Every structure is written in structure tokens, then in C-alpha cells.
Amino acid sequence: MKLLGIETSCDETAAAVWLEDRLTSNIVASQEVHQKYGGVVPELASRAHVQLILPTVQKALKEAEIEKEHLDGIAVTFGPGLAGSLLVGLNFAKAMALALDIPIIGVNHIEGHIFSNSVLGEGPPPPFIALIISGGHTQLVLVHEWGKYEILGKTRDDAVGEAFDKAAKMLELSYPGGPAVDKLAATGDPEYLDFPKGRIKDSELDFSYSGLKTAVLYHLQSLSPEERERSKADVAASFQKAAIEILIENSLKALEKYQIDQLALAGGVACNSLLRNRLKEESEKHGFKLFTPPLNLCTDNAAMIVRAGRFYLERGERSEFSLSPVPSLRLDSED
Ligand code: KG4
Ligand code: ZN
């Protein structure tokens with residue numbers, strides 16, 4: 001199948017092309033307009049998607065050396081995400097598919113992240129556990145089979161990527177904060193401070209990041225401007241250690257509890273170097289297989305969307321043209 005994928009759920013305008021058995025282009029236009037605000041401004045994101053969607057799709061088709069008339073279908077993210085942003089991608093996909101008389105398939109963005117492990121290679125065959133960690137999500141998911149997901153644990157408050165972004169803001173680093181904290185932490189002492197790890201007493205696989213965020217804030221407030229400047233890298237390293245250790249702890253518990261021997265990472269925080277190194281060590285120690293997508297497939301992209309869409313289109317599924325964005329779309333049906 002020759003497929004186009006479109007992703008506009010947050011602040012990346014992305015398009016990718018899948019030809020038969022491989023990815024042939026993967027274009028991501030990151031919106032720079034949000035940088036000066038230190039976070040995504042939804043209205044600006046929608047406007048930027050409107051400006052970027054056509055050139056991004058054209059670039060993806062050109063790089064894949066395919067005319068749009070030869071496409072067999074379009075996969076597009078329909079949730080979760082920002083309503084206005086989702087609407088731009090979904091409407092664009094519908095208009096294009098109607099004009100070309102081809103099907104569309106709506107893709108759940110989180111499911112797309114899980115498929116990011118299966119874009120360049122085979123990826124893990126289900127059952128496996130996915131640790132989905134991004135700016136909006138922190139979830140441990142048991143993938144029984146493709147399309148059948150059980151959420152084993154999730155954050156009670158902030159997502160881990162959000163915690164990285166907030167910590168970066170407090171440390172006066174650039175946005176998005178994750179890569180900046182990761183880089184600065186490499187030069188700091190992770191043992192400088194013992195920040196709270198965010199364990200939840202009554203639910204062993206859930207996460208919480210609000211206490212960690214507050215602890216970083218209070219600590220920085222207790223320092224003089226000179227001390228703050230001097231200990232920035234140490235605070236970043238100690239914060240990162242606390243934020244990452246709970247992800248590792250809960251992943252190991254989940255693998256053990258459900259007797260699964262494959263762990264797949266997904267989402268922007270899966271780029272984190274400490275997490276990748278620590279999990280590699282743990283996988284060698286405990287003998288489970290670790291799947292880590294390449295860095296450009298961890299953060300938001302359309303390659304994972306077209307890969308997920310291909311799975312459903314090949315099974316003969318398609319979405320109605322009445323499909324609407326679902327900003328709070330879930331992976332499972334339970335609450
Ligand atoms: O998956 P993604 O691109 O978008 C969402 O769906 O949210 O994830 C973006 C998040 C941001 O919070 C960013 O700070 C974080 O991923 N991130 C990182 C790293 N690279 C990106 N967090 C920690 N370490 C990194 N190296
Ligand atoms: Zn994402």
C-alpha cells in the first residue's frame with residue numbers, strides 16, 4: 001500500500017509516506033513560535049499548522065518520489081491532542097482523500113507512539129509492555145495484541161515530559177526543556193540532592209510528578225542567586241535521577257507482575273540518555289528485551305502514524321468522513 005500519514009496533535013506539523021513495506025519520507029516541521037512562551041500556545045499552534053500543513057505534505061510526497069494520485073489511503077491523528085490542532089490535520093486529510101477518492105483512517109496518537117518501535121524494524125511482537133512517556137502522557141501499557149491495550153499505570157498529575165519542561169523553566173533553560181535538562185544533567189552530580197521519586201502508596205504502578213516539581217522549586221528558592229547559578233547542573237542531575245528512577249522501577253515491577261519479557265519505550269522522554277542507559281543495564285541484568293525507537297521517532301512524527309494506519313487499512317478498516325477530533329481520546333475504554 002502507498003500511504004500518507006499526517007500528524008498535527010500538538011506543536012509539530014508532520015507528514016510521512018509509506019510505500020509498500022517501508023517508510024520513504026518523514027518530515028517534521030517543529031513550530032518555533034512557542035519558544036518565547038516556554039510552552040505550547042494552542043491558538044498559535046493551530047495557526048502554524050494551517051501555514052505548515054501544505055508545504056509539509058508536499059515535501060513528504062516529493063521526498064518519497066510519489067504523486068498524490070498514486071496514494072491508496074491517508075492515516076491521520078484524530079486524538080488525543082489540542083482540538084484546534086487536530087482539526088487542521090484531520091480536515092486536510094479528509095479534503096485530500098475526498099478529492100482523490102481514497103480512504104482515511106483515524107489514528108490514536110498514543111497508539112502511534114507504541115507503533116514507533118515497528119517503523120524501521122519488526123518491533124516487539126505482542127504481548128509486550130510499552131512505557132509511553134511524553135509531554136502529555138506517562139503510561140505503562142500492556143499490549144495484549146495490536147488494538148487491545150490495558151493501562152497498568154499512569155500519572156496522577158503531571159506527565160514526566162511536563163515535569164522536565166517545568167524544571168527546565170525553573171532552571172532558566174530553553175524550551176522544550178527535556179533535551180536541555182538532559183544535557184545539563186550530564187555535567188552535574190545526581191547525588192547532590194535526594195528529590196522525592198513520586199511513588200504512589202496505594203497504586204504500585206502509578207506515577208506522580210507534582211511533588212518532585214515542587215521540591216525543585218522550593219530548593220531553588222532557598223538558594224542565593226550565586227548558589228543557584230553554581231548548583232544548576234547538580235539540581236538538573238538530581239531532578240533527572242528522581243524523574244527517571246520511578247519510570248524504571250515501575251517498568252520492572254510491571255514486567256515481573258505480568259510475566260512479560262519485552263519492554264518498548266515510546267514518546268519524547270524516551271530520548272533521555274539516562275533512561276536509555278539505565279534501562280539497557282536493567283535489561284541485561286534481568287534478561288528482558290528492550291526496544292528503543294531512534295530519537296527522531298520518539299518525539300512526535302507522522303511515520304508512527306502512517307505505520308499504525310497501515311496496520312488497520314491492511315485489515316480493511318477505514319474511518320468515516322464524519323470522523324471528528326477527540327482531544328481526550330484514550331487507549332482503552334475503561335476510565
Ligand atoms: O512525544 P513528544 O514529542 O510530544 C508529546 O506527545 O508530548 O514529547 C515531548 C516531550 C517534551 O516534554 C520534552 O521536554 C520531552 O519530550 N523530551 C525529553 C527529552 N527529549 C524530549 N525529556 C527528557 N529528556 C530528553 N532527552
Ligand atoms: Zn506525542
Side-chain angles (χ1 to χ4, degrees), residues 5-14 16 26 28-31 34-35 37-40 42 45 77-82 85-86 89 107-117 119 130-139 141 154-155 158-171 173-186 188 190 207 209 212-213 236-237 239-248 264-279 292-305 307-308 327-329 331:
I6 294 177
E7 153 65 39
T8 62
S9 66
C10 192
D11 61 339
E12 327 278 351
T13 314
N26 183 24
V28 180
S30 294
Q31 302 178 357
H34 308 287
Q35 261 166 18
Y37 301 99
V40 179
T77 307
F78 76 108
L82 301 169
S85 294
L86 290 165
V107 173
N108 180 318
H109 178 84
I110 306 296
E111 186 175 22
H113 272 301
I114 301 177
F115 268 99
S116 66
N117 286 284
V119 170
L131 175 65
I132 304 159
I133 39 179
S134 70
H137 302 272
T138 306
Q139 291 181 346
V141 175
K154 58 181 183 304
T155 181
D158 292 350
V160 57
E162 201 178 344
F164 267 92
D165 293 336
K166 286 178 180 166
K169 210 168 181 179
M170 291 183 234
L171 291 165
L173 304 175
S174 58
Y175 177 84
V181 171
D182 194 347
K183 196 168 161 213
L184 182 62
F207 307 88
Y209 281 101
L212 173 57
K213 175 187 68 187
F239 159 82
Q240 177 172 265
K241 182 170 174 246
I244 295 302
E245 278 307 317
I246 189 67
L247 296 175
I248 294 169
L265 303 188
V269 184
C271 292
N272 186 268
S273 51
L274 176 68
L275 176 78
R276 291 170 89 101
N277 291 338
R278 284 280 296 108
L279 274 176
T292 45
L295 299 186
N296 67 330
L297 297 180
C298 289
T299 46
D300 286 350
N301 64 85
M304 65 188 196
I305 301 302
R307 176 66 185 82
S328 56
L329 186 65
L331 258 188

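One-based numbering, in listed order, for ligands and for the atoms of each. Both backbone and side-chain heavy atoms feed into the values below; hydrogens, waters and symmetry mates do not. In this text, all values refer to a predicted model and were calculated from it rather than measured experimentally. We count residues from 1, following the sequence as given.
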Under a 4.0 angstrom heavy-atom cut-off, which atoms of ligand 1 come close to [X]?
X    : result
H109 : 6 (O)
G161 : 12 (O)
S134 : 1 (O), 5 (C), 6 (O), 7 (O), 8 (O)
T299 : 3 (O)
D182 : 24 (N), 25 (C), 26 (N)
C271 : 20 (N), 26 (N)

Would you indicate which of S9, G268, G136, A243 comes nearest to atom 16 (O) of ligand 1 when only heavy atoms are counted?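 Looking at heavy atoms only, G268 sits closest to atom 16 (O) of ligand 1.
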Just to be sure I'm reading this right: ignoring hydrogens, which of N301, L274, L275, N272 gets closest to atom 23 (C) of ligand 1? Compare them by their nearest heavy atoms. N272
Got a salt bridge between K213 and E162, using NZ or NE/NH1/NH2 to carboxylate O under 4.0 Å?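 A salt bridge is absent here (no side-chain N lies under 4.0 Å from a carboxylate O).
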Anything protein N/O/S under 2.8 Å from the Zn ion (ligand 2)? Just list residue and atom, please.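 Result, waters dropped: H109 NE2, H113 NE2, D300 OD1.
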Rounded to the nearest 0.5 Å, the CG atom of L279 sits from the CG atom of L131 at a distance of 7.5 Å
For E12 and ligand 1, answer yes if some heavy atom of the residue is under 4.0 Å from a ligand atom, otherwise no.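 Per 4.0 Å heavy-atom rule, E12 does not contact ligand 1.
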If the plane angle is over 60° it's perpendicular, under 30° parallel, otherwise tilted; pick one for H109 and H113.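 Rings of H109 and H113: perpendicular, over 60°.
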